[in-house]
Undergrad: 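Before I ask anything, here is the structure I am working with.
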Amino acid sequence: MFKRSKIALAVAGVLALVGCDSYEPSQAEIDRKMQKMIADEANKDVLGQLSKERTELDQMVAELKTEDPLIKDAYYSYNEQNEKTLNIVREEDDDSGSVMVHSISRDTLHTLL
């Protein structure tokens, strides 16, 4: 009988301690953590897309350099109508070291391809 009361007392003590350690996050904290998780996932998607585009652009530059060794780089931007534009950086023919950026709209690019 004495052992049962000790066990009951020990269980009650453990339950009391566990109850003291329980933590209930506020709704603001839950919302903040959810927003961070959403932002992290969105950032991961954007970085993945940018990495994919950079790989495609690097391949394109390598191909263009076989035809014109003065091609230096390519990148995407958005024009005034918020259309994606391909920009090709080419060194000038005059050995001055200056470069010219040629922009091609997405519609023109699709027409060429």
Undergrad: Could you identify which residues cluster with Ile38, counting Ile, Leu, Val, Met, Phe, Trp and Tyr as linked when any side-chain heavy atoms lie under 4.5 Å apart, either directly or through a chain of such contacts?
TA: none
Undergrad: Without placing hydrogens or testing angles, list every side-chain donor-acceptor pair under 3.5 Å for residues 40-48, not counting sequence neighbours.
TA:
unit_1	atom_1	unit_2	atom_2	d
Asp40	OD2	Lys36	NZ	2.9
Glu41	OE1	Lys44	NZ	3.4
Asn43	ND2	Ala39	O	3.3

Undergrad: Roughly how far, to the nearest 0.5 Å, is CZ of Arg32 from CD1 of Ile30?
TA: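 If I round to the nearest 0.5 Å, the distance is 10.5 Å.
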Undergrad: Sequence neighbours excluded and cut-off under 3.5 Å, please list the side-chain donor-acceptor pairs for residues 57-67, or say none.
TA:
unit_1	atom_1	unit_2	atom_2	d
Asp58	OD1	Arg54	NE	3.1
Asp58	OD1	Arg54	NH2	3.0
Thr66	OG1	Glu63	O	2.5

Undergrad: Applying side chain to side chain donor-acceptor pair (under 3.5 Å), name anything that partners Gln27, two or more places apart in sequence or on another chain.
TA: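 Testing Gln27 for side chain to side chain donor-acceptor pair (under 3.5 Å), a comparison that skips the adjacent residues, returns Asp31.
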Undergrad: Might you point out which heavy atoms bring Leu70 and Glu92 nearest each other, and give the distance in Å?
TA: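 Residues Leu70 and Glu92, closest heavy atoms: CD1-O, 4.3 Å.
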Undergrad: Tabulate below the donor-acceptor pairs under 3.5 Å that side-chain atoms of residues 82-89 make, not counting sequence neighbours, or state none.
TA:
unit_1	atom_1	unit_2	atom_2	d
Glu83	OE1	Asn79	ND2	3.0
Lys84	NZ	Glu53	OE2	2.5
Thr85	OG1	Glu83	O	3.3
Asn87	OD1	Ser103	OG	2.5
Asn87	ND2	Tyr75	O	3.4
Asn87	ND2	Ser77	OG	2.7

Undergrad: Determine whether more than 12 heavy atoms belonging to other residues, nucleotides or ligands lie under 6.0 Å from atom NZ of Lys33.
TA: no
Undergrad: Can you list everything that forms a side chain to side chain donor-acceptor pair (under 3.5 Å) with Ser26? Sequence neighbours excluded, please.
TA: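 Checked Ser26 against side chain to side chain donor-acceptor pair (under 3.5 Å); zero matches.
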Undergrad: Measure the CZ-CG distance between Arg90 and Asp73 for me, rounded to the nearest 0.5 Å.
TA: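 Answer rounded to 0.5 Å: 14.5 Å.
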